[in-house]
Amino acid sequence: MTIIDGKAISEQIKQEIATEVAEIVAAGGKRPHLAAILVGHDGGSETYVANKVKACRVCGFTSTLIRYEADVTEDELLAGIRQLNQDADVDGFIVQLPLPRHLSEQKVIETIDYRKDVDGFHPINVGRMAIGLPCYVSATPNGILELLKRYEIATSGKKCVVLGRSNIVGKPMATLMMQKTYPGDATVTVCHSHSADLVKECREADILIAAMGQPNFVKADMVKEGAVVIDVGTTRVPDASRKSGFKLTGDVLFEEVAPHCSYITPVPGGVGPMTIVSLMKNTLLAGKKAIYP
Ligand code: GUN
């Protein structure tokens, strides 16, 4: 059994990006610039955005953090997005989700110029991904593909089960695993809260990707011997023994499942660090105008 080291791979990729940025700048090119909009003061979002800004520094990118209070009006926020769409120095930007309930996430996403949508959430990027055209692919699925690649895990003809059907992980993950590429060419099943026999489906998976956000949901009896298990879960479970007051907990009961796997991602240190690196890769592509010249 191999524990997939997302932390180590992510550090390696950030160094690769930093090297390329240094070369671009040395040749007189523009330093890539990522902007992030953060609305309110949600603890999880604060941490994610701070980590994104930190990763920008490591990669040699310029970064700008734009804050709005939680009671910002939708019009104000959309005006801020339109301003970034017009700002020639900003290559790509994100609006950290979730947003306060009075703001429409869909409206926000669709207001972002798809050519600067380094989150890959805009319908144009989602649609282009679905039909295999160059686009910004959303961070978590792209990070998982990168891990499969770096560990040379075979996917062609394999049975891949995706647990969860969210727009930002489950759906794009399933779409990518069925593409005519590597990693891909898998036979994909998507399971969710209405699936008739989820345990049976999971037991048949060569590659099991758990992304439903239910801590410790996947038990040993749901995993085929020798399966590849990718854990996308990052639920903050209260834990009084920790300084933070919580324990980041995956969707897979690691201790029980790991002995049955060929490969497994831990939480933390598996998919999580790769997500930010995917955003950095998209920002580099945006800086180079590689996808939308
Ligand atoms: N919230 C959770 N994941 C993400 C992400 O990948 N991008 C943004 N913008 N918000 C998120």
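Fair warning: this is a prediction, and the values are worked out from it, not measured in the lab. Hydrogens, waters and symmetry mates play no part in the numbers below; they use all other heavy atoms, side chains included. Sequential numbering from 1 along the given sequence is applied to the chain's residues. Order of appearance sets the numbers: ligands from 1, and atoms from 1 within every ligand.
The local environment of CD in Glu225 is crowded, with over 12 non-hydrogen atoms from other residues, nucleotides or ligands closer than 6.0 Å. Counting heavy atoms of neighbouring residues, nucleotides and ligands inside a 6.0 Å radius, atom NZ of Lys107 does not exceed 12 of them.
Ligand 1 has no nitrogen or oxygen under 3.5 angstrom from a nitrogen or oxygen of Thr275. Taking any N or O of Leu97, backbone or side chain, at least one lies under 3.5 Å from an N or O belonging to ligand 1. For Ile168, no nitrogen or oxygen atom sits less than 3.5 Å from a nitrogen or oxygen atom of ligand 1, counting backbone and side chain alike.
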Got a list of side-chain donor-acceptor pairs under 3.5 Å for residues 213-224, not counting sequence neighbours?
residue	atom	partner	partner atom	Å
Lys219	NZ	Asn216	O	2.9
Lys224	NZ	Asp206	OD1	2.8

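The protein atom (non-hydrogen) at minimum distance from atom 8 (C) of ligand 1 is Asp119 OD2, 3.4 Å. The nearest heavy-atom contact from the protein to atom 11 (C) of ligand 1 is Gln96 NE2, 3.4 Å.
Using 4.0 Å as the threshold, Phe121 has a heavy atom nearer than that to some atom of ligand 1.
With sequence neighbours excluded, no residue forms a salt bridge (Lys or Arg N to Asp or Glu O under 4.0 Å) with Lys54.
Under a 4.0 Å N-O distance rule, the pair Arg242/Asp239 qualifies as a salt bridge.
Heavy-atom contacts of Val95 reach the following atoms of ligand 1: 8 (C), 9 (N) (cutoff under 4.0 Å).
Classified by interplanar angle (parallel below 30°, tilted 30° to 60°, perpendicular above 60°), the ring pair Tyr263/Tyr151 is perpendicular.
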